[in-house]
Protein chains: 2
Amino acid sequence: MSTEHVERREIPDATVNRLPVYLRVLNERAAMGQERISSEALAEQAGVSSAKLRKDLSALGSYGVRGVGYDIVTLADHVAGALGLEREWSVAIVGMGNLGRALTTYGGIGVKGFDIKWLIDDDPRVVGTDVGGRVIVPFEALRPEPGEGVIGIIATPATAAQQVADRLVVAGVRSILNFAPTVLTVPADVQVRGVDMAGELQILAFREQHSRLARSRTTKELLA
Amino acid sequence: MSTEHVERREIPDATVNRLPVYLRVLNERAAMGQERISSEALAEQAGVSSAKLRKDLSALGSYGVRGVGYDIVTLADHVAGALGLEREWSVAIVGMGNLGRALTTYGGIGVKGFDIKWLIDDDPRVVGTDVGGRVIVPFEALRPEPGEGVIGIIATPATAAQQVADRLVVAGVRSILNFAPTVLTVPADVQVRGVDMAGELQILAFREQHSRLARSRTTKELLA
DNA sequence: GTCTGTGAAGGTATTCACAGCC
DNA sequence: GGCTGTGAATACCTTCACAGAC
């Protein structure tokens with residue numbers, strides 16, 4: 001914590017997209033009790049080249065020690081700080097079907113920095129029931145406090161997605177993660193990221209087809 | 001169908017990543033009975049610039065008509081063909097918890113070109129039970145035929161993911177979509193794409209924090 | 001006149017390779 | 001000696017602007 005530095009470099013988009021992977025690896029290693037890691041080892045784990053990793057990290061500042069490597073906890077703090085995880089973000093999941101339930105109980109979201117604050121569904125049969133120890137509320141209950149950072153997750157069928165997006169925007173949400181297979185139209189000051197599962201399959205199919213599997217030596221996961 | 005052309009241009013990675021979005025919009029419009037569309041309108045719907053869209057499409061070949069636009073059905077066929085969706089791909093979903101069930105019943109995957117052929121779980125309590133009209137089988141049942149293209153989806157907890165990946169590789173799967181929040185290690189001829197929900201939230205948090213919301217005029221969804 | 005297809009220009013990201021510091 | 005941080009070189013992607021086809 002306490003990144004009271006100047007923090008004045010523009011972090012490139014491509015770098016931002018990779019920071020979560022680095023953070024995950026760092027947290028895993030920290031949990032294992034490891035204290036230091038080299039750019040080579042961290043890059044290997046994250047599935048990128050070590051040069052790319054060092055370039056990425058140097059955009060946040062100079063937190064490594066030459067000849068030694070990076071202190072895992074320190075680096076994890078700085079990466080988390082750069083991502084804006086010092087403040088707490090509230091998450092509203094809209095659509096409490098299988099997918100919404102899965103996202104709620106799934107370990108990936110209730111992670112440091114994010115608080116699943118609202119589970120929303122308008123079906124009166126599920127409102128009031130429990131999912132993972134949280135109560136499902138109707139849309140009207142989504143009333144962020146002034147200044148509260150809210151991320152809305154759309155887990156409804158495609159047919160309802162645009163309408164949900166509109167209501168999220170009206171409620172003041174400026175960041176949306178869309179799991180429905182539709183393109184959303186929102187005002188320019190609202191950002192949308194879409195997770196398109198069919199698209200992911202199609203991209204895999206393309207690559208296997210063209211056996212464009214020329215990849216890093218021992219291939220690791222890659223994002224985007 | 002019948003893309004017996006030469007089809008000899010290298011399609012850039014960035015383009016491949018966008019083709020699924022175009023295909024989705026084209027299919028939506030085709031379902032609405034629309035016959036033609038301009039690069040401007042298609043780009044608007046897909047959330048990209050029209051120049052980018054035309055460059056992307058021209059990498060597949062020259063399927064538009066100057067002064068007129070694109071024939072929606074023809075173009076959709078060619079995009080699908082480029083993505084390798086002429087042949088049928090088999091999908092195996094491993095892990096039949098909430099997430100696996102959601103992915104199975106979710107409309108996004110049982111789409112043209114993909115056949116959810118195996119629902120896999122090793123918990124004897126769920127093996128034999130039904131999800132969306134399909135029976136859950138144990139891992140041993142995953143026996144692809146020679147030449148069959150299989151995509152494995154990992155929907156297990158993070159702790160089991162690497163082990164599942166290993167077993168998929170042994171079974172001959174060369175394309176994996178990983179929903180577990182872990183980095184997987186696989187041989188170089190196996191490709192992995194990871195859907196990292198925590199990562200998506202973190203990227204949204206970063207962008208809202210830095211209000212890097214300078215975007216296209218009427219912003220649409222953007223992938224990656 | 002309209003709208004696609006595409007060279008050329010401009011911008012971003014990645015890789016290389018080594019200087020700088022422990 | 002070892003490993004980070006970074007300019008320089010390269011590769012890739014996007015935007016511009018217009019020639020070419022209808």
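Below, each value reflects all heavy atoms present in this structure, side chains not excepted, and no hydrogens, waters or symmetry copies. The chains referred to below are lettered A, B, ... by the order of the sequence lines, with proteins before strands, and numbering in each begins at 1.
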Item to check | Interatomic distance where CG belongs to Leu53(B) and C1' belongs to dT15(D) [whole Å] | outcome: 14 Å

Checklist outcome for this item: Contacts satisfying salt bridge (Lys or Arg N to Asp or Glu O under 4.0 Å) that involve residues 146-155 of chain B (not counting sequence neighbours) are Lys117(B)-Glu148(B)

Next on the checklist: What is the separation between atom CG on Leu75(A) and atom P on dT4(D), rounded to the nearest whole Å?
Outcome noted: 11 Å

Next on the checklist: Please check: side-chain N/O of Asn178(B) versus main-chain N/O of Thr182(B), any donor-acceptor pairing under 3.5 Å?
Outcome noted: yes

Next on the checklist: When you measure only distances, ignoring hydrogens and angles, does the side chain of Arg66(A) come within 3.5 Å of the base of dG20(C) through a donor and an acceptor?
Outcome noted: yes

Checklist entry - Does a side-chain N or O from Tyr70(A) land closer than 4.0 Å to OP1 or OP2 of dC22(C), or not? => result no

Checklist entry - In whole Å, what is the span from the CD atom of Glu40(B) to the P atom of dC16(D)? => result 12 Å

Item to check | Separation of atom NE2 in His78(A) from atom C1' in dG5(D), rounded to whole Å | outcome: 16 Å

Next on the checklist: On the nucleotide dC3(D), are OP1 or OP2 found under 4.0 Å from the side-chain N or O atoms that Ser38(A) carries?
Outcome noted: no

Next on the checklist: Tell me the interatomic distance from Ile37(B), atom CD1, to dT2(C), atom C1', rounded to whole angstroms.
Outcome noted: 16 Å

Item to check | Whole-Å distance separating the CG atom of Leu57(A) from the C1' atom of dT6(D) | outcome: 13 Å

Checklist entry - How long is the line joining CD1 of Ile11(B) and P of dC13(D), in whole Å? => result 12 Å

Next on the checklist: A quick test of your reading: do over 12 heavy atoms of other residues, nucleotides or ligands sit less than 6.0 Å from CZ of Arg167(A)?
Outcome noted: yes

Checklist entry - Hey, is the main chain of Thr185(A) close enough, under 3.5 Å, to the side chain of Gln162(A) for a donor-acceptor pair? => result yes

Item to check | Trp89(B) side chain vs Gly84(B) backbone, donor-acceptor pair below 3.5 Å | outcome: yes

Checklist entry - Got a donor-acceptor contact below 3.5 angstrom from the Thr15(B) side chain to the Ile11(B) backbone? => result no

Checklist outcome for this item: Its contact letters, B for base, S for sugar-phosphate only and - for none at protein heavy atoms under 4.0 Å, make nucleotides 8-16 of chain C read B----SSB-

Checklist entry - Roughly, in whole Å, what's the span from CG in Asn17(B) to C1' in dT14(D)? => result 15 Å

Next on the checklist: With a cut-off of less than 4.0 Å, is there a side-chain N or O of Ser39(A) near OP1 or OP2 of dT4(D)?
Outcome noted: yes

Checklist entry - Is there a donor-acceptor pair under 3.5 Å between the side chain of Tyr106(B) and the backbone N or O of Phe179(A)? => result yes

